[in-house]
Structures are given as C-alpha cells and as structure tokens.
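Worth knowing before you read on, the calculation uses all heavy atoms, side chains too, and leaves out hydrogens, waters and symmetry mates.
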Amino acid sequence: MNLLKNFLSLVLAEGFSKLITFAAFAYLARQLGAETFGYVEFAAAVLMCASLIVDQGFSAFGAKEIAKSPELTGRLATKIVTARLLLALSGYLVVAVFALLVDRGPVVMRLLLVYGLSLWALPLLLQWVFQGHERMQLVASAQIIRQVVFCAVVFAMVRGAQDVLWVAWAEVAGVVATATFCVVVYRRYFQKETPQQASSSIRLFREGLPIGLSQMFWVIKMFGGTLILGLIASSQEVAFFAGAQRILIALHTFVWLYYFNLLPSLARSWQEGTEEFRSLIARSMQVMVWVGVAGGLAWAALSQQAIQFVYGTEFGPAGTVLALFAAVWSMALISGHYRFGLIAAGQANAEMATAAIGAVLALIIIPLGYYNAGITGAAVGLVIAEAGIWVSSWWFAQKLLFLKGNSRHLRLPLFALLLVVATIWLLPLSAQNARLAVLMLLPAILALVLDHTARIRVRQLLGLLRI
C-alpha cells in the first residue's frame, strides 16, 4: 500500500503540473502563432537531447544504489553532482555549436543559447536522492515548483511572437528554482555526514552510461521526429507534429512516474529472488495492460477534440497524429515492465539495446513516413519504433530475467479490444456519440466484469482514497 500511496502522490503532483503546463503551452500556441510556436518546440527538442548528456543515466543508477544501501547517499551525491557539472559544460558547448551551425534563423539561435543555460542547474536536481529513499512527496514538490515557476514567467511576460525568448528564460527560471529547493532539502534531511570533496568514479560511468545511453536513445526516438522535421519541414508542420507530441510526452510522464515509483521495489525484489521479482511484475501487469487498452482507446476517441481544445482550431491537422500516438503510449505502459525490470536486475546494457532499436527505427521510418504521407506518416513511424522496443524488451526479459508466461496477462485485454472494435464497427456511422461512449467506457466495464484481479485492485484503490 505504501507503493500505491507514493505513486498517487506523484500522480497528483504531476497531474497538477501538467495541467498548468498545458495551460501555458495552449496560451503560447495562441499568442505566438503556429510558425513561432514551431521554433519553440524545435529548440525545446534540442535542449531535451542536450539534457541527456548531463544526466547520463546517473539518476536511475543513484536511486537504485540508495534503495539498496541508504548509507551511501552522501558519497553518491558528491560523485554524481561532480560528474554532471563536468558534463553540463560539454552539453552547453554542444548546444552553442549547434545553434551557430543550424540554418533556422536568428530566433532559433537565440532560443537555443538561452535554453542551454538551464543545463548548468541540472546537476543540482536531486530528485533521484529522494526517490532512492522513497520520499516521493519531495519528488512531487520539486516537480510542482519547476512547472509553477515556468508557467508564472510565461503568463507574466509573453504577449506575442516578439516575446518568444521569454519562453526559454522561463525554463531557466524553473530549473534554477527547483535546484535551489533540492539543495535546501538535501542539506536538511539527507546530508548526515561531513561533505566530501568533489569526486567521480569509474563504476559510476560504467554502470550509469548504459542507462544514460538508453535515455538518450529514448529522447532520439521521442524527439527525433521534431528534430528531423525541424530540418526538412515547414515550421508550421513542426508545430502540428510537436504539439501532438507534447501531449504524448505529458501523458507519457505518468508511465515514467509509475516505473520511477516501482524501480526501488523491483531492485529489492530482484535481490530477494526471481520468484518475488516475477510475482511483482505479474501483479503490476495484471492492472497496467487494462489501463493501456482502456486509456489508449479513450485517447484515440478524444484526440481531435483535445488538440483543438489545447491549441486552437489552427492545429486541427494534428488530430490524426495525436490519435496515432495513443498506440505509442499504450505500448510503452506495457513494455516498461520489461525495460525497468532489466535495469533493476543490473541488465542495463540489454535495456539500452532495446532503446537503441527504437531510436534507429525512428530515425529511419519517421522521415520516410513524412516524405510519403506528411506528418501522419511521421507519426506512424513513431508507432513502429515503439513496437520495436516492446518486442525487443520482451525478448530480453525472456532470456535474462526468466519472465515466462506474461502473455497470459494480455489475453483478456486483447479480447476486450477486439470486442470494442467489433461494437464500433457494427454501430451506424451516424451514432457518433454512441461510438465515443463505447470507446471510452466499454473497456473499463469489461475489465471489471472479466478480470477478478482488476476488481481487487479497484477495491484497494477505493479503500486507500477513503483513508
């Protein structure tokens, strides 16, 4: 139940953060217009890639090590912050060189140079320390601070396309405020020993690098489309694709939060033995597969209305792209059991290989899809890349984690999916509202009717909410 409480605290905080961030980007899309908004999304995608240079997988590595040995907190914090500060220098130099070389105009260059300043504060984001100690309320607080500061600057300073540079300064302000909070909390609650001299270690890079490369491949997969389109497509098409992708990233955050919260438990259960490890993954999959099916169908049903509600009618062409991204989200929710299971079991190289497969597929298929079918084809490319990650991570989990029989957790949800599709197909085309209701409600009803485990989990959740 503690695991569920931690997850709920993260979800509530992230839900609030994403709500105000949606409001901020909806405001930006209307104030900046599609072309300038496309510049912002392109610059933000570059920054996301650069931030992975700073992280290098040290967050997941540090949280895992602290979960196993809390007494190592001080040493790990010193080593990881030192390594990240050195990497921040490299990251900013990469961004600066890219800004000077890429031929996307002076607005993009200035955005990149200001956005890049936030890299210097990233080493002091210590949420991974709080994660390792399972203090998820502190992780949630840090996230809220970052987004509140970002949104406050955006709403206060941006009034039109001429104010676009304030979007980058808002990101810098949010990261600096969060870093300050993390340092204060760390010094008060977690710094139990005399501060050590700055240092790093070979083991830190050896074990963190595969995770970092995996995260970099993930960013290439998720943001590669925006980067590629930023180089070959119009700024307006970049805005349409990236606008839909921003919603995907926002909702994908809940997938990441779930496994962020689950990772310490996975690491401990692996130490306790493969049976406990398999049992934990099985219990999780029994619920998450249903969530993936039901959530994905509801997402696809509401995509057209959602894209226009968030960004305005100008972004209507992105509705189909957003609907296709529902499949990306659903597959990531299921494959995460295998990917984070590999990390928890010390098989980060295998997890990195799955991410590399997704990145390669994305870099090849997204531009091919764009040249053949525009931004819709690019979205299909991302779906195929995510499918490649699911299949490869399942294969590695079978071989390295001895996870057998997990396919049985897919049977009832897939049956429900086919039943929903058949019901939609049989309904007359004029019954649009009925089709929408079936897509949104029938999977959840079938889960409660067909799956005894799903009913148990719902009762547990309701009991927790009553406390």
**Report entry** Atom OH of Y27: over 12 foreign heavy atoms under 6.0 Å
**Finding:**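 Atom OH in Y27 is crowded, with more than 12 foreign heavy atoms closer than 6.0 Å.
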**Report entry** Within 6.0 Å of CZ in F16, more than 12 heavy atoms from elsewhere
**Finding:**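 At most 12 heavy atoms, drawn from other residues, nucleotides or ligands, come within 6.0 Å of this atom.
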How about [X] and [Y]: do any of their side-chain heavy atoms sit closer than 4.5 Å?
X    : Y    : answer
H337 : Y259 : yes
L113 : Y92  : yes
R246 : Y311 : yes
L122 : L119 : yes
W128 : I66  : yes

Query raised in the report: Quick one: does S51's side chain have a donor or acceptor within less than 3.5 Å of a partner on M48's backbone?
Result: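 Yes, because the side chain of S51 sits within donor-acceptor range (under 3.5 Å) of the backbone of M48.
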Query raised in the report: Is a side-chain N or O of S335 found less than 3.5 angstrom from the main chain of W390, in a donor-acceptor match?
Result: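 No, S335 side chain to W390 backbone: no donor-acceptor pair under 3.5 Å.
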**Report entry** Y115, F25, F155 screened by ring-ring contact (aromatic ring centres under 6.0 Å, His included) with F150, the one that passes
**Finding:**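 For F150, the ring-ring contact (aromatic ring centres under 6.0 Å, His included) test succeeds with only one of Y115, F25, F155, which is F25.
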Query raised in the report: So which of Y370, F37, F42, F325 actually passes ring-ring contact (aromatic ring centres under 6.0 Å, His included) with F241?
Result: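 Only match with F241 under ring-ring contact (aromatic ring centres under 6.0 Å, His included): F325.
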Report task. Have a look at L251 and tell me which of I249, I247, V255 forms a side-chain contact (heavy atoms from CB on, under 4.5 Å) with it. Result ->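 Exactly one pass, corresponding to I247.
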**Report entry** Residues S284 and Y258: side-chain donor-acceptor under 3.5 angstrom
**Finding:**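 Side-chain D/A pair, S284 to Y258: present.
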If you look only at distance, which donor and acceptor atoms sit under 3.5 Å apart when one is on a side chain in residues 166-184 and the other is two or more places apart or in another chain?
{"unit_1": "E171", "atom_1": "OE2", "unit_2": "R146", "atom_2": "NH2", "d": "2.8"}
{"unit_1": "T178", "atom_1": "OG1", "unit_2": "R146", "atom_2": "N", "d": "3.3"}
{"unit_1": "T178", "atom_1": "OG1", "unit_2": "G174", "atom_2": "O", "d": "2.8"}
{"unit_1": "T180", "atom_1": "OG1", "unit_2": "V176", "atom_2": "O", "d": "2.9"}

